[in-house]
Amino acid sequence: MLVRDAMSTVILTLGPAHTLRQAAALMSARRVGAAVVLDPDAGGIGILTERDILNSVGLGQNPDAERTHAHTTTDVVFAAPTWTLEEAARAMAHGGFRHLVVLDRGDVAGIVSVRDIVRRWLPAREPTPAL
C-alpha cells in the first residue's frame with residue numbers, strides 16, 4: 001500500500017502571521033493534528049503541529065501574540081505519494097514525528113499521519129455483537 005492510499009488530501013494551510021490561537025482553532029475545527037505553513041520568506045513549506053502549540057503554551061507564551069512562523073518546523077521531511085506506508089512509517093519513527101507532508105512534483109499533495117497508516121494496516125472494525 002502506498003502513501004497516496006492513506007494520505008489526507010484536504011490540507012489545512014496557514015500563513016506565517018497566523019497566531020497560535022487561530023491555528024489551534026482552525027486545527028480543532030478541522031479535527032487535524034497538523035497544518036502546512038506556507039512562508040515564502042522562510043524557505044517555503046513548513047509544518048505546525050498540535051505539539052508545537054502545546055509546547056508554546058506550556059512555556060507560558062501567549063497564543064494570541066505568538067505567530068506560527070516562530071513555531072513552524074521548516075526542516076521538513078517530505079514523502080512522495082509513491083512511497084510505501086512502510087517507508088513513511090520508517091521516516092516517522094527515525095525522525096520522531098507523527099506527520100509527513102506529501103509532495104508531488106514539488107506541490108503539496110497531502111499529509112499522512114501515523115493514524116492514517118495504522119487505519120490502513122488494521123482491518124476495519126467489526127460491529128460489536130449485541131448482548
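Sequence positions, counted from 1, serve as the residue numbers for this chain. Side-chain atoms are counted along with the backbone in the values below, which use heavy atoms only and exclude waters and symmetry mates.
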**Student:** Show the nearest heavy-atom pair for residues Leu100 and Ala91, with the distance to one decimal.
**Tutor:**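 Of all heavy-atom pairs spanning Leu100 and Ala91, the closest is CD1-CB, 4.4 Å.
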
**Student:** Nearest 0.5 Å please: distance from the CG atom of Asp5 over to the CG atom of Asp116.
**Tutor:**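 So the gap between those two atoms works out to 11.5 Å.
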
**Student:** So, taking the atom named CE in Met27 and the one named OG1 in Thr49, what distance separates them when rounded to the nearest 0.5 Å?
**Tutor:**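 The OG1 atom of Thr49 is 6.5 Å from CE of Met27, to the nearest 0.5 Å.
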
**Student:** Any salt bridge (charged side-chain N to carboxylate O under 4.0 Å, His left out) involving residues 12-21? Give me the pairs, sequence neighbours left out, ordered by first then second residue.
**Tutor:**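 The answer is Arg21-Asp64.
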
**Student:** Decide yes or no for Ile45 and Val108: does some side-chain heavy atom of the first lie under 4.5 Å from some side-chain heavy atom of the second?
**Tutor:**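 Ile45 vs Val108: side chains touch.
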
**Student:** Is there a path of hydrophobic side-chain contacts, each under 4.5 Å between heavy atoms of I/L/V/M/F/W/Y residues, joining Val112 to Ile47?
**Tutor:**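 Hydrophobic grouping puts Ile47 apart from Val112.
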
**Student:** Without swapping roles, check the side chain of Thr68 against the backbone of Gly15 for a donor-acceptor pair under 3.5 Å.
**Tutor:**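 Here the side-chain-to-backbone pair exists.
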
**Student:** Are Ile111 and Trp121 grouped together when hydrophobic residues (ILVMFWY) are joined by side-chain heavy atoms under 4.5 angstrom apart?
**Tutor:**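 Per the 4.5 Å side-chain linkage, Ile111 and Trp121 are not co-clustered.
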
**Student:** Under the salt bridge (charged side-chain N to carboxylate O under 4.0 Å, His left out) definition, can you give me all pairs with a residue in residues 79-94, not counting sequence neighbours?
**Tutor:**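 Output for this query is empty, none listed.
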
**Student:** At what distance, to the nearest 0.5 angstrom, does CD1 of Ile11 lie from CG of Leu38?
**Tutor:**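 Rounded to the nearest 0.5 Å, the CD1-CG separation comes out at 9.0 Å.
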
**Student:** Answer yes or no: does atom CZ of Arg51 have more than 12 heavy-atom neighbours from other residues, nucleotides or ligands under 6.0 Å?
**Tutor:**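 Not buried by this count: 12 neighbours or fewer within 6.0 Å.
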
**Student:** State, yes or no, whether a side-chain contact exists between Met92 and Ile117 at a heavy-atom distance under 4.5 Å.
**Tutor:**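 A side-chain contact exists here, since the closest heavy-atom pair is under 4.5 Å.
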
**Student:** Measuring from Leu2:CG to Leu85:CG, what's the distance to the nearest 0.5 Å?
**Tutor:**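 Here the interatomic distance stands at 7.0 Å.
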
**Student:** Given side chains that start at C-beta, do those of Leu48 and Leu20 come closer than 4.5 Å, heavy atoms only?
**Tutor:**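 The answer is yes; the side chains approach within 4.5 Å.
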
**Student:** So, does Arg120 use its side chain to make a donor-acceptor pair with the main chain of Met1 at under 3.5 Å?
**Tutor:**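 Such a contact is absent between Arg120 side chain and Met1 backbone.
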
**Student:** Where do Ala17 and Gln22 come nearest, in terms of heavy atoms and distance?
**Tutor:**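 In this case the closest contact between Ala17 and Gln22 is O-OE1, 4.4 Å.
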
**Student:** Could you check His99, Met7, Arg98 and say which one makes a side-chain contact (heavy atoms from CB on, under 4.5 Å) with Ser113?
**Tutor:**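 Answer after filtering His99, Met7, Arg98: His99.
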
**Student:** Hydrophobic cluster membership, with links at side-chain heavy-atom distances under 4.5 Å among I/L/V/M/F/W/Y: are Ile53 and Phe97 in one?
**Tutor:**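 No, because Ile53 and Phe97 fall into different hydrophobic clusters, even though each may have its own neighbours under 4.5 Å.
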
**Student:** Going from CG on Leu14 to CZ on Arg67, what distance comes out if it is rounded to the nearest 0.5 angstrom?
**Tutor:**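 It is 12.5 Å, given to the nearest 0.5 Å.
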
**Student:** Rounded to the nearest 0.5 Å, what separation is found between the CG atom of Asp39 and the NE2 atom of His69?
**Tutor:**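 The distance works out to 8.0 Å.
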
**Student:** Check for me, please, whether Trp83 and Val114 land in the same ILVMFWY cluster - side-chain distances under 4.5 Å, paths through other members count.
**Tutor:**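 Per the 4.5 Å side-chain linkage, Trp83 and Val114 are co-clustered.
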
